2 protein chains.
Amino acid sequence: MAKSADRSIELLWGDRARPSRGPKPALTVEQITAAGIGVADAEGLAAVSMQRVAGEFGFTTMSLYRYVPGKAELVALMLDTALGEPPVLTAITGGWRPRLTEWAERLWTVTEKHPWSLEASVGLRPIGPNELGWTDSAVGTLTATGLTGSEILDTVVVVTGHVRSIAQQTLTIPAAQRGLTEHQWAATVTDLLRTHGDRFPSLLAAMASATAAGQDKGLAFGLERILDGLGLLIADRVRQAAIRR
Amino acid sequence: MAKSADRSIELLWGDRARPSRGPKPALTVEQITAAGIGVADAEGLAAVSMQRVAGEFGFTTMSLYRYVPGKAELVALMLDTALGEPPVLTAITGGWRPRLTEWAERLWTVTEKHPWSLEASVGLRPIGPNELGWTDSAVGTLTATGLTGSEILDTVVVVTGHVRSIAQQTLTIPAAQRGLTEHQWAATVTDLLRTHGDRFPSLLAAMASATAAGQDKGLAFGLERILDGLGLLIADRVRQAAIRR
DNA sequence: GCAGTTCTGTTTATGTTATACACAGTTCCC
DNA sequence: GGGAACTGTGTATAACATAAACAGAACTGC
């Protein structure tokens, strides 16, 4: 497993020098990765099997293992490729808040485009350059705020977590069925609440008062709370710095 | 799939009336669920297979299907059982903030005890009474704040998301290997940063300034920011209400 | 009390997975 | 030109979920 991790790191980070002996490979890691992304975008990460991806090229399952050590590594490549180049936010004016907001929105956008990236990015996995770049980009929005390094990193975790959390609720279903399934699910919950409402009085009241319209606000609402709270901390730091001077 | 959902709802919510004809079942759904939880606690959700759970009783794989329609339903039962009775927070004084903080900490505690619950609770799945109860409990901490129903629900989403997000980073690895793997992973990332540091200047600086000690603060840090920000909104609502009166 | 019905646990079978291993053909280095 | 290195394939294995059919057990209605 250690070797596999190294190989994976190499695939994600290194140059892929072609050996000189032997026949030319018919495929490239990039092509395979792209095919995997295509399948995952269209049918979800569960549809991505070695068989399926190889089949996209009319090749046998085992041929893929000449390019990639295993499925885990393929998924890691897919993830880092799908994330794409990290956003450059230096052009955005107005301080840390609009920058970090923009960052969160871009993360949302890319997650919306590749919902399977959520599943693909759980746990301690080999991290790719784009993923690290996204983190760097977020950290960069906060370097001039007077926050400590730990605070900045913790903040990035909170914001990332929020975007992911909202995405997970909204995007888990393959887009094709989303409307139907979601509606069905909502109906089931409503039904349960109607039947067992006395056991969940607060929830019942809240849902009754919640307008059916206010649905997609979760991302913005949470982000605003988080950034408001962060603003208080930053203001504190500024004040302290002023006193100390 | 719809039928399966119904059956699942029935299992989670209904009384399980025993039929009067035929031999007595040797097992109960509760026993099976508990066995599944035991396996998942000890070896992770991936170790939970029908074979494995049946084996815990010395039964064949297929015997489980007499009790549970399929693996998805078993996992749903495991999740709702593992969550346990939702917390009752009425005894906690000091208003919404200490109550919601306590709620988050209890969610953290139960997640720590059953880390696999994270994996088990993604997507639109049949929701159980305990899970709904936990949500109700969280909503209950905010009913007296002047927030609208939508705002309360969105807030619960944010707080839940944060706890889950921190948990996912900390608890993904089975406890046994956690120290080692985590250390290894950190070493790999440090290595990458050393090698490619110029590509990630902000991150490098932040990690250098971050004391190695400040690691488990993520939960508290993020929660405080969120609640600080929420506090501003609630204060606003109180002010508005005062004006209007 | 007994026949028939219903239910349990098992056996057997199918279709997916990932991936290990050995082989035949291809291409380049020396 | 011969050997080494590499590619894509064929074959094999071990998990996995779950469908279908079956033998025996226990209760219901007579």
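Only this structure's heavy atoms are used, side chains among them; waters, hydrogens and symmetry mates stay out. A note on names: the letters A, B, ... follow the listed sequences, proteins ahead of strands, and every chain is numbered from 1. In this text the structure is predicted, and so the values were computed from the model without any measurement.
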Without swapping roles, check the side chain of [X] against the backbone of [Y] for a donor-acceptor pair under 3.5 Å.
X	Y	result
Trp108(A)	Ile166(A)	no
Thr33(A)	Val29(A)	yes
Asp136(B)	Ser202(A)	yes
Trp185(B)	Arg125(A)	yes

### Message
Using a 4.0 Å heavy-atom cut-off, does Tyr67(B) contact any base of the nucleic acid, only the sugar-phosphate backbone, or nothing at all?
### Response
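Counting heavy atoms under 4.0 Å across all strands, the contact made by Tyr67(B) is with sugar-phosphate only.
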### Task
Look at all strands and tell whether Ser49(B) reaches a base, only sugar-phosphate, or nothing, counting heavy atoms closer than 4.0 Å.
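Sugar-phosphate contact only - Ser49(B) comes under 4.0 Å of backbone atoms but never of a base.
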Rounded off to whole Å, could you give me the [atom1]-to-[atom2] distance for the [X] and [N] pair?
X	N	atom1	atom2	value
Phe57(A)	dT7(D)	CZ	P	16 Å
Leu64(B)	dA19(D)	CG	P	14 Å
Lys24(A)	dT27(C)	NZ	P	8 Å
Tyr65(A)	dT17(C)	OH	P	12 Å

### Task
Select from Ala47(B) and Arg66(B) the residue whose nearest nucleotide in DNA chain D is closer to the 5' end of that strand.
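In this pair, the answer is Ala47(B).
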Can you identify which nucleotide, out of [options], has its nearest atom closest to the [X] side chain?
X	options	result
Met50(A)	dA18(C), dC16(D), dT18(D)	dA18(C)
Met62(B)	dT11(C), dG25(C), dC16(D)	dT11(C)
Arg21(A)	dG9(C), dC29(C), dA20(D)	dC29(C)
Lys71(B)	dT11(C), dA17(D), dT9(D)	dA17(D)

#### Entry: Check against side chain to side chain donor-acceptor pair (under 3.5 Å), Arg52(A) and Thr61(A)
CA-CA 8 Å; Arg52(A) 177 66 194 280; Thr61(A) 307; over 6 Å; no
### Message
Quick check on dG8(D): is either OP1 or OP2 less than 4.0 Å from any side-chain nitrogen or oxygen of Ser63(A)?
### Response
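Looking at the OP1 and OP2 atoms of dG8(D), neither is under 4.0 Å from any side-chain N or O of Ser63(A).
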### Message
Check the phosphate of dA15(D) against Gln51(B), side-chain N and O only, distance under 4.0 Å to OP1 or OP2. Yes or no?
### Response
no
### Strand-adjacent residues in residues 27-36 of chain B, judged by heavy atoms under 4.0 Å from DNA chain D
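Nucleic-acid contacts, sorted: none.
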### Task
Indicate the atoms forming the closest heavy-atom contact of Ser121(B) with Arg164(B), along with that distance.
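For Ser121(B) versus Arg164(B), the nearest heavy atoms are OG-NH1, 2.6 Å.
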### Query
Taking for each residue the nucleotide of DNA chain C with the nearest heavy atom, is it Gly58(B) or Val48(A) whose nucleotide lies nearer the 5' end?
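Its nearest nucleotide lies further toward 5', so the answer is Gly58(B).
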### Task
Report yes if some heavy atom in the side chain of Val110(A) is under 4.5 Å from a heavy atom in the side chain of Ser117(A); otherwise report no.
no
